[in-house]
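Following: one structure in structure tokens, then a few remarks.
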Amino acid sequence: MNAAGTGNIFVVAAPSGAGKTTVCRQVVSEDPNVELSVSHTTRLLRVGERDGVHYHFVSRERFTELVDAHAFLEWAEYNRNFYGTSWVSIEEPVAAGRDVLLEIEVQGAAQVRERRDDARLIFLLPPSLKVLEERLRGRGTDSEDEIGRRLVVARGELEAAPRFDFAVLNDDLGKCVAAVATILDGCRRGRSDELRERFAPARALAEFGA
Ligand code: 5GP
């Protein structure tokens, strides 16, 4: 919650395979004051996923209707599917004073920046491009073609890191979760300037070797 009594909007973006789902789930499970927003997507359900829990799974037609009705805070096409965060999914918790965490890709994060300058944007960096490739393969959910496409996209996405408020290198899960929790906590206390130095994107990019 912030000084006005409303919830904060936090965005975690990263190249796919940088480990952001794991990091975000852990942060949320350890912090009762923040919840994950449930996005809409046109992609097919993966094994183990549930409609309304992991995503709202909708057809391309329905997604387009929602775009036309201005239902999304942000939306993007990623890897041939549409993904978007509806205003509805964030307005209720934020009005009730609960913080929301958006786990989204990089183009969507740029739209949040334009539309909500109070949102705080965190970029997660994988330890290296090699590890990113191994992680994508290790998930076993994507075909070789899809892994190739995701790697090309990932390289482009790394260029967006300097436009984020904060960046954290995900070379150790525990450390990364603790860093994100520190950022959330510091922002709630109005200490984002202090954190901007400690978690400066330029610093994390130097660690990454970019
Ligand atoms: P996946 O298909 O692996 O679940 O997600 C693919 C990418 O879409 C990931 O980078 C994920 O963070 C991102 N994503 C999930 N939900 C949203 C959303 O609501 N908006 C945007 N822009 N990206 C999203």
Side-chain angles (χ1 to χ4, degrees), residues 2 7-28 34-43 54-56 63 66-67 70-91 93-94 99-126 129 132 135-136 149-170 176-177 179-184 186-188 192 195-196 199-205 208 210:
N2 55 38
N8 298 294
I9 300 174
F10 294 108
V11 174
V12 171
S16 175
K20 71 179 179 303
T21 306
T22 313
V23 170
C24 290
R25 294 222 178 115
Q26 195 151 328
V27 167
V28 167
V34 65
E35 57 193 68
L36 275 175
S37 77
V38 180
S39 299
H40 284 66
T41 185
T42 59
R43 85 149 159 73
H54 297 92
Y55 284 104
H56 299 290
F63 197 97
L66 290 168
V67 170
H70 306 287
F72 292 118
L73 159 62
E74 63 74 34
W75 68 273
E77 184 169 5
Y78 182 89
N79 205 21
R80 300 179 187 172
N81 290 301
F82 294 127
Y83 295 86
T85 307
S86 69
W87 286 104
V88 170
S89 70
I90 58 161
E91 271 167 354
V94 166
D99 296 344
V100 283
L101 184 61
L102 277 54
E103 186 226 311
I104 60 180
E105 55 66 67
V106 172
Q107 308 165 65
Q111 294 170 39
V112 177
R113 167 92 309 155
E114 277 167 27
R115 292 175 194 158
R116 291 291 301 234
D117 65 359
D118 58 328
R120 291 290 162 256
L121 274 56
I122 306 165
F123 194 94
L124 293 193
L125 285 158
L129 285 173
L132 183 68
R135 283 186 187 164
L136 287 175
R149 276 202 300 277
R150 280 180 188 243
L151 279 173
V152 171
V153 173
R155 287 198 189 92
E157 285 174 330
L158 287 169
E159 288 167 17
R163 295 191 289 278
F164 280 62
D165 296 305
F166 314 106
V168 179
L169 190 74
N170 186 16
C176 184
V177 169
V180 174
T182 300
I183 293 171
L184 266 52
C187 289
R188 287 173 183 139
S192 35
L195 295 165
R196 269 178 215 279
F199 297 104
R203 202 179 255 205
L205 282 166
F208 174 73

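In this structure, V153 and Y78 have side chains that are in contact, with non-hydrogen atoms separated by less than 4.5 Å. Between L195 and C187, the closest side-chain pair of non-hydrogen atoms falls below 4.5 Å. Looking at W75 and S86, their side chains never come closer than 4.5 Å, going by heavy atoms from C-beta outward. Under the 4.5 Å side-chain criterion, counting only non-hydrogen atoms from C-beta, L73 is in contact with R115. Annotation: side chain of D99 is not in contact with side chain of L184 (no heavy-atom distance under 4.5 Å). Here the side chains of F123 and P15 are in contact, with some heavy-atom distance below 4.5 Å. Proximity of L132 to L129: side-chain heavy atoms (C-beta onward) are separated by under 4.5 Å at one or more points.
Checked against side chain to side chain donor-acceptor pair (under 3.5 Å), T21 has the following partners two or more places apart in sequence or in another chain: E103. With sequence neighbours excluded, the residues that form a side-chain contact (heavy atoms from CB on, under 4.5 Å) with T22 are L173. Taking the salt bridge (Lys or Arg N to Asp or Glu O under 4.0 Å) definition, one finds that R116 meets it with D118, sequence neighbours left out. The side-chain contact (heavy atoms from CB on, under 4.5 Å) search around A109 returns V11, A13, I104, L121, F164, not counting sequence neighbours. In this view, R196 and D165 satisfy the side chain to side chain donor-acceptor pair (under 3.5 Å) rule, not counting sequence neighbours. With sequence neighbours excluded, the residues that form a ring-ring contact (aromatic ring centres under 6.0 Å, His included) with Y55 are F57, Y83. For R150, the salt bridge (Lys or Arg N to Asp or Glu O under 4.0 Å) partners at least two apart in sequence or on another chain are D142, E146. Applying the side-chain contact (heavy atoms from CB on, under 4.5 Å) test to E91 and every residue at least two apart in sequence or in another chain returns W87. Applying the ring-ring contact (aromatic ring centres under 6.0 Å, His included) criterion to H40, with sequence neighbours excluded, gives H56, F72. Residues meeting the ring-ring contact (aromatic ring centres under 6.0 Å, His included) test with F166, sequence neighbours left out: none. Evaluation of the side-chain contact (heavy atoms from CB on, under 4.5 Å) rule for V100 yields I9, E35, I90, P93, V94, L102 as partners, not counting sequence neighbours.
Summarising the geometry of G19 relative to R135, their closest heavy-atom pair is N-NH1, 3.9 Å, with the distance given to 0.1 Å. C176 approaches V168 most closely through the heavy-atom pair SG-CG1, 3.8 Å. Looking at every heavy atom in both residues, S39 comes nearest to T85 through OG-OG1, 4.2 Å. For the pair L205 and L158, the tightest heavy-atom approach, listed with the atom from each and the gap, is CD2-O, 4.5 Å.
Listed for the R113 side chain is a donor-acceptor partner under 3.5 Å among the backbone atoms of A119. Between the side chain of E74 and the backbone N or O of A110, no donor-acceptor pair lies under 3.5 Å. A donor-acceptor contact shorter than 3.5 Å links the side chain of N170 to the backbone of A18. T41 places a side-chain N or O within 3.5 Å of a backbone atom of F82 that can act as its donor or acceptor partner.
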List the steps, then state whether side chain to side chain donor-acceptor pair (under 3.5 Å) holds for N79 with R149.
CA-CA 7 Å; N79 205 21; R149 276 202 300 277; 3.0 Å; yes

Let's go through L124 and V23 carefully: what are the C-alpha distance in whole Å and the side-chain angles of both, what is the deciding distance for side chain to side chain contact (heavy atoms under 4.5 Å, CB included) to 0.1 Å, and is it a yes or a no?
CA-CA 9 Å; L124 293 193; V23 170; 3.9 Å; yes

For S89 and V38: C-alpha separation, side-chain torsions, deciding distance, then whether side chain to side chain contact (heavy atoms under 4.5 Å, CB included) applies.
CA-CA 7 Å; S89 70; V38 180; 5.6 Å; no

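For the atom pair T42 OG1 and N81 CG, the distance stands at 4.0 Å (nearest 0.5 Å). In this structure, CD1 on I183 lies 5.0 Å from CZ on F199, to the nearest 0.5 angstrom. Taking CZ of R120 as the reference point, atom CD1 of I122 lies at 10.5 Å (rounded to 0.5 Å).
Among residues at least two apart or in separate chains, there is no salt bridge (charged side-chain N to carboxylate O under 4.0 Å, His left out) pair with a member in residues 151-163.
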